[in-house]
Amino acid sequence: MRYKSASESIKSFGLRQLVSYISKDPDKNIPKLLDWLEKHDKGGTTVNQVRMIRESISDTNSNWYKLVKSFWTDIDKGVVEKLLIGAVVNGSMIGSPRQVRLSKQEGCNVPWAILMDPTSACNLHCTGCWAAEYGNKLNLSLEQLDDIIRQGKELGVYIYLYSGGEPLVRKKDIITLCEKHPDCSFLAFTNGTLIDEAFADEMLRVKNFVPAISVEGFEQATDSRRGEGTYKAVTRAMSILKERRLLFGISCCYTSQNCEDIGSEKFIDDMIEKGAKFAWFFTYMPVGADAVPSLMVTAEQRADMFRKIREYRKTKPIFTMDFWNDGEFVGGCIAGGRAYLHINANGDIEPCAFIHYADSNIKEKTLLEALKSPLFMQYHQNQPFNENHLRPCPLLDNPGRLTDMVEKSGAKSTDMQSPEDVRALSEKCVHAAQCWAGTADKLWNESHYCHHMRR
């Protein structure tokens, strides 16, 4: 197996030296990190991002400068080093050119990241969550998870994310994988309630694991969906992580019931104070037999979150991203292996965490074989699903597109408890898609008019 050349190893060594140097005087030396990244990025995969960061931090009073500097003042130096090597050097500068080359060679999508579920088990039972249906019936073994990562690195993938179920039910195995693959960066979408002092100490030891803690807003909003006492357990976990100078962020599912809470400046400020450095935002999807369609946001609520999240990027020292509303920055839908894919706890290789259909299983096919399967090729041939990238999703935003791909590929529902007909699933999203279309088109036209005027 070939993961790194000699020149690639030299890049990693040089970055480690630079991180130590920056820690002595972040104000003076952070620009030197950007210089180094530009100089060594022969494939040009991070040049635009580096230039954007350089422009953003030119004002030392800006929120972006405060955020970047906080990685050296708030986070353990070894954790920062592992993040830069795993995500930036290996994930982008080394991995991305390999992904592009293989994509052209094989004629299919090759992802930047892989999302996988170690287990379907969870210690909570959140309202409207499909994972609650499965119980502890499904698990990928440590050997299977390790093999996925080994296959992924051959494709140039060094970014691995865990979901579930609750991935920290498998704490020991997750730490073992961090040890076995120190050249990778690992993130978990977790309810946070299983993070204790002992696990935080293990995180600090391996340094390449980052939790994104699910929170629905303040205590009432979080506990109403996740169960009484959840918010207190979550904030305790944040305190433990902050005390150890560990990197973490939050994962927020916004629904019709919590938009006001989760989108408030008060909430964002509180999460920053608690130590969160990034925030993933997802809108509620009515997937699974226990789905609650009334939790889907209205077009007005989605537009409000669109505006608020973008405003916080300008004013708050926390990196925010919206899985749907940021489609314009990534060219629409990123699923189907275009930027990521999902492997569930049964081994089914799905195009997206929210699209529970598959025609391949990791126990029977390699990752590359799955990427060339009929379902993934349907994604490859049809992306983007809309010229308006604020309407990126083949399920939520473009009625009929997912149905067509699933039926043409012969993919089957991966829901082991209650297999869901793709037409029935799509029907639950039609009204929301129709309402969002006009609003999204208006926002898209406004955004592009502003970009044109600035040029």
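In what follows, every heavy atom counts, from backbone to side chain, and hydrogens, waters and symmetry copies are set aside. Residue numbers start at 1 and run along the sequence shown.
- For Phe209, the ring pair (Phe, Tyr, Trp, His ring centres under 6.0 Å) partners are Phe199, not counting sequence neighbours.
- Note: Asn90 CG to Ser96 OG = 11.0 Å, rounded to the nearest 0.5 Å.
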**OP:** Dump the intermediate steps for side-chain hydrogen bond (donor to acceptor under 3.5 Å, both in side chains) on Asn388 and Asn386, then the final yes or no.
**Re:** CA-CA 5 Å; Asn388 180 345; Asn386 199 304; 5.4 Å; no

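- Taken from OG1 in Thr119 to CG in Asn139, the straight-line distance is 3.5 Å, to the nearest 0.5 Å.
- Here the CG-OG distance, from Leu402 to Ser426, works out to 5.0 Å after rounding to the nearest 0.5 Å.
- Considering only residues two or more places apart in sequence or on other chains, Tyr357 meets the ring pair (Phe, Tyr, Trp, His ring centres under 6.0 Å) condition with none of them.
- Every residue two or more places apart in sequence or in another chain that forms a side-chain hydrogen bond (donor to acceptor under 3.5 Å, both in side chains) with Thr190 is listed here: Glu166.
- Within 6.0 Å of atom NZ in Lys365, more than 12 heavy atoms from other residues, nucleotides or ligands are found, so the atom counts as buried in its surroundings.
- Every salt bridge (Lys or Arg N to Asp or Glu O under 4.0 Å) that Lys308 has, sequence neighbours left out, goes to Asp304.
- Summarising the local packing, CD of Gln105 is surrounded by more than 12 heavy atoms from other residues, nucleotides or ligands at distances under 6.0 Å.
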**OP:** Evaluate the side-chain hydrogen bond (donor to acceptor under 3.5 Å, both in side chains) criterion for residues Ser214 and Asn191: first the C-alpha distance (whole Å), next the side-chain angles of each, then the deciding distance (0.1 Å), finally the verdict.
**Re:** CA-CA 5 Å; Ser214 298; Asn191 62 45; over 6 Å; no

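- Expressed to the nearest 0.5 Å, how far CD1 of Ile250 lies from CZ of Phe189 amounts to 12.0 Å.
- The side chain to side chain contact (heavy atoms under 4.5 Å, CB included) test with Pro211 is passed by exactly one of Leu241, Leu168, Leu194: Leu241.
- Shown here are the ring pair (Phe, Tyr, Trp, His ring centres under 6.0 Å) partners of Trp324, two or more places apart in sequence or in another chain: Phe354.
- Here Asp76 does not pair with Arg244 in a salt bridge; the nearest charged N to carboxylate O distance is not below 4.0 Å.
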**OP:** Start with the C-alpha distance between Gln151 and Leu368, add both sets of side-chain angles, then the distance that settles side-chain contact (heavy atoms from CB on, under 4.5 Å), and finish with yes or no.
**Re:** CA-CA 9 Å; Gln151 287 189 52; Leu368 185 57; over 6 Å; no

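- Interatomic distance, NZ of Lys274 versus OG1 of Thr235, reported as 6.0 Å (0.5 Å rounding).
- Residues in residues 233-242 take part in these salt bridge (charged side-chain N to carboxylate O under 4.0 Å, His left out) pairs, two or more places apart or across chains: Glu197-Arg236.
- Separating the CG atom in Leu443 from the CH2 atom in Trp436 is a distance of 5.0 Å, to the nearest 0.5 Å.
- Salt bridge annotation for Arg205-Glu179: present, with a cationic side-chain nitrogen under 4.0 angstrom from a carboxylate oxygen.
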